[in-house]
Amino acid sequence: MLIALCVLCCGALWADNINIIPRPASVETLPGTFAFNTATTIAYKGEGAKEAAQMLCEKIRTSKGFAPRKGKALAKGSVSFINDKNVKGAEAYTLEVTEEKVVARASTAAGLYYAMQSLVQLFPSAIENRHATMMVGNWLLPCVRIKDEPRFGYRGVMLDPCRHFFPASVIKREIERLAAYKINRLHWHLTDDQGWRIEIKKYPRLTEIGSRRVNEDGTVEEGYYTQEEIRDVVAFAKKHHVEIVPELEIPGHELAAISAYPELSCKQQPTSVRRIWGVEDIVMCPGRERMFGFLNDVIDEMVQLFPGTYYHIGGDESPRTEWAACDSCKQRMKEQGYDKEAQLQSYIIGRVSKHLAEKGKRVIGWDEILEGGNLDTTAVVMSWRGEDGGIAAAKAGHPVLMTSAGHGFYFDYYQSDQVLEPTAFGAYFPIDRVYNYDPIPAALRGTGREHLVMGVQANCWSEYMHTTQILEYRLWPRALALAETAWTALDRKDYNDFVRRLDGDGTERLALLGYNYHMPLPEQPGGSCNKLAFVDSTSVMLKALRDLKIIYTTDGTNPTLQNGEVYTAPIKLNRTTVLKTATVLPSGIISPVRTINAVKTEYSAPRLSADAPTAPGLLMKKFDGRFAAPADLEGRTPVFADSLLKDLDGLRSLTELSRNLRDVKNYAAIAEGYIEIPETGIYEFSTLNAALWLDRSLLIDNSSDHYQRHTHENAQIALQKGRHAIKVCFIGGIFDGWPNYWHETKVEYRTPGGEWKKVTPEMLSH
């Protein structure tokens, strides 16, 4: 879509055809447009200018099939990049577009790079098209005068290839797009319990053993980055003015390393890479010098690969139970005069920080590194458990990075109704939560400590990002909100205008580049359900995040701009209908289609008369073995049958479970009987169990979701008051890192749009 042509009033501060993300510090619109065509020349002068000019030329070459000629700086009809020492600020720039020429100025290569990125966003979005077609006519750029600089110096994203591995090509792809929106740090989480992802030549078993995880179903998750690949990624990032911040997690979250070298732990017992999510009890042993020698050796190889200033050393979620029982740790505490194990945490951080400092590096750690006390004030604290860690760190004089899970900066969380999304970690943080967050906590304002907040970061933990498609779905477009939160001054932010830029030009660019970005689907107020039931008639109410247009069909075809009806009021149905609906962006891009099956039915009669004698609880059968779906139980002989189950919570406690769930004897269980329905009506049911039957009909089937954690199969049924047949199937196992033994095995119900209630033992009988 070409940028609309209009005559702009001189002196206006912003206009609907300025689509730059993140929003610049100052924008003055000027009358007229600059015509970019095959006669336009590109010029450069000074350090960093040539590189910025070449990147612009490459974009034009790949999208429009010609390479602009080199010209004279400031000449009429030219685009000039000039290193100008009068522009103050390490990342500041100015950009002036007039009818005669375009001039970008900065005193650093980074500033010129960011000027180029803003200029690219003044071009039509077609500049992002990587299928060259010979340019005909003009590209018209609005005339503007921009002065810009960032609010925060650290603007970051964390990628986690440990739980699910992403090849180096994916890391580079995300770096390039993040840098286009002025993100300047890529935190690379390279080691964890579930996988060691960096080649260390002195310790080859780290990648021979630690980079390979055998899942319970026999599938294998493996991969690591060679040192050659890492050098290539680091060089690529540097070209885009992104500093790679590597993370070597210590002393916890290191079971992958300990599986390769058991002597790093307190008990020194053979183990294996952790195959479930969560926190591992086995951690590195601070009482043994071997551990520090190992860490120093690893760091010595890493500093040759990562030339940046900052090194992340983790420090989070490290249980101290093994330290409390370890003679070597007790001796270390005695030598240091410690009286609590938490002090060993600071001891480790201190020694590692000193070694890194000798290499000219500086540590970043998660906010748990504060817990032992005596933390050197040069350490940067990354506040992830809310804001409290960041506030405490700043008050103690530490630089702080805000990356609060509770404020939307964990991008592995849901961004819309979970029924409509792939499995995610659990909480709900839509894009406006990210955009509206101020990284400087209220408790620090006016204290003189505000300057200690270095910036903000979003984290993409990959437990449920099992493909590149899902990674991008979680990251984009929330990364655009992160970019504006990190770059733009508070008084320049405007969420409504951000949405205009996002849903128009911003998403067009992501689409042209082939990114799998999230688009909100139509939701139902009070919670979505794709399996509706009604007796006479029903009305389906829909809404969309960000007030997007909704289209729908009722004939089973996918809605398009041509055949879709525009939603303006609740959709009234009086027959069984396949309702298909989607949202539409202002650019005309249509979201994926959401399908709602609305079934006209009769109230199901009770399966047991009110005066029939029953006993409390359900009758249960257990099947030993590894199963994936209820169908796997057909023809199998149960270990026992007709065992009394008083409460559905008991379904998941039929085997012995160790804390780390190693060598669990898996099983499946089926419980059957009757459920008392209090009143005649439409009921919606939900469960995390593998399947739920009511009146012998399969109502909910979760077995097709191999990344089980939350149900996506809420379903409605019409029931008369009384006792109805119920059957519940629980399947115990570990499904791609998530143990179903951690599930609640409850069944919940509600009237449509009402509050969820738990099926209680009093409602169950046999």
Side-chain angles (χ1 to χ4, degrees), residues 408 413-424 426-436 473 477-478 481 495-496 499 502-503 518-554 558-559 564-586 590-601 679 681-688 699-700 710-719 747-758:
Y413 289 178
Y414 287 105
Q415 51 199 318
S416 62
D417 192 322
Q418 70 179 44
V419 171
L420 309 180
E421 290 203 35
T423 297
Y428 168 58
F429 289 110
I431 196 168
D432 62 324
R433 291 285 296 275
V434 180
Y435 187 88
N436 291 322
Y473 179 85
R478 281 187 290 194
Y495 180 68
N496 290 332
V499 167
L502 166 67
D503 287 339
H518 171 265
M519 277 186 66
L521 299 183
E523 302 178 5
Q524 287 144 286
S528 296
C529 181
N530 290 324
K531 296 180 178 180
L532 306 181
F534 64 96
V535 173
D536 297 316
S537 63
T538 190
S539 292
V540 181
M541 296 180 63
L542 299 174
K543 65 174 185 176
L545 296 176
R546 309 205 296 269
D547 197 29
L548 297 175
K549 182 169 74 172
I550 296 173
I551 57 175
Y552 69 93
T553 61
T554 56
N558 288 337
E565 294 187 55
V566 177
Y567 176 85
T568 57
I571 303 166
K572 295 182 179 180
L573 303 175
N574 55 22
R575 58 180 176 82
T576 294
T577 303
V578 177
L579 173 64
K580 293 195 173 187
T581 183
T583 54
V584 183
L585 296 179
I590 300 176
S591 75
V593 174
R594 177 188 172 198
T595 300
I596 302 172
N597 289 294
V599 177
K600 187 172 184 177
T601 185
E679 300 291 342
I682 304 296
Y683 289 88
E684 183 176 341
F685 283 83
S686 174
T687 186
L688 293 174
L699 187 66
I700 293 176
H710 309 103
T711 181
H712 299 288
E713 286 291 328
N714 295 350
Q716 294 179 4
I717 187 171
L719 298 172
V747 173
E748 293 185 298
Y749 69 98
R750 68 175 182 174
T751 55
E755 295 295 321
W756 287 104
K757 298 178 182 179
K758 181 179 178 180

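As a basis for the values below, the full set of heavy atoms in this structure was taken, side chains included, without hydrogen atoms, waters or symmetry mates. Positions are given from 1, in the same order as the sequence printed here. Since this is a predicted model, take the numbers as computed values, not measurements.
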Among D547, I550, L420, L545, which residue meets the side chain to side chain contact (heavy atoms under 4.5 Å, CB included) test with P520?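 Option passing the side chain to side chain contact (heavy atoms under 4.5 Å, CB included) with P520: L545.
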
If you count every heavy atom of other residues, nucleotides or ligands that lies below 6.0 Å from K549 atom NZ, does the total exceed 12?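 No, NZ of K549 has 12 or fewer neighbouring heavy atoms, counting only those of other groups under 6.0 Å.
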
Could you check if a side-chain atom of C529 sits within less than 4.5 angstrom of a side-chain atom of V419, using non-hydrogen atoms only?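 Counting from C-beta outward, C529 and V419 never come under 4.5 Å.
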
Would you check if I551 and I590 make a side-chain contact, meaning some heavy-atom pair closer than 4.5 Å?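 Yes, side chains in contact.
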
Could you state the interatomic distance from [atom1] ([X]) to [atom2] ([Y]), rounded to the nearest 0.5 Å?
| X | Y | atom1 | atom2 | answer |
| --- | --- | --- | --- | --- |
| K580 | T553 | NZ | OG1 | 7.0 Å |
| S537 | K572 | OG | NZ | 8.5 Å |
| E713 | F685 | CD | CZ | 15.5 Å |
| L502 | I431 | CG | CD1 | 5.0 Å |
| I596 | K531 | CD1 | NZ | 13.0 Å |
| D432 | Q415 | CG | CD | 11.5 Å |

May I ask you to decide if [Y]'s main-chain N or O and [X]'s side chain share a donor-acceptor pair within less than 3.5 Å?
| X | Y | value |
| --- | --- | --- |
| R546 | D503 | no |
| Q716 | L532 | no |
| Y495 | Y435 | no |
| Y414 | E421 | no |
| T583 | S591 | no |
| D417 | S528 | yes |

Worked verdict on K600 versus V535 for side chain to side chain contact (heavy atoms under 4.5 Å, CB included): CA-CA 6 Å; K600 187 172 184 177; V535 173; over 6 Å; no

Heavy atoms only: give me the nearest [X]-[Y] pair and the separation to one decimal.
| X | Y | value |
| --- | --- | --- |
| P592 | L521 | O-CD2, 3.1 Å |
| A569 | Y567 | O-CE1, 2.9 Å |
| L585 | M519 | CG-CE, 3.4 Å |
| Y413 | A424 | C-CB, 4.1 Å |
| L548 | P586 | CD2-CD, 4.4 Å |
| E684 | W756 | O-CZ3, 3.4 Å |

On the 0 to 90° scale, with breaks at 30° and 60°, tag the Y683-Y749 ring pair as parallel, tilted or perpendicular.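 Ring orientation of Y683 relative to Y749: tilted.
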
Could you walk me through whether V578 and T595 pass side chain to side chain contact (heavy atoms under 4.5 Å, CB included), step by step? CA-CA 7 Å; V578 177; T595 300; 3.8 Å; yes

Could you tell me which residues satisfy salt bridge (charged side-chain N to carboxylate O under 4.0 Å, His left out) with K758, sequence neighbours excluded, listed by chain and number?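 Expected list: D649.
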
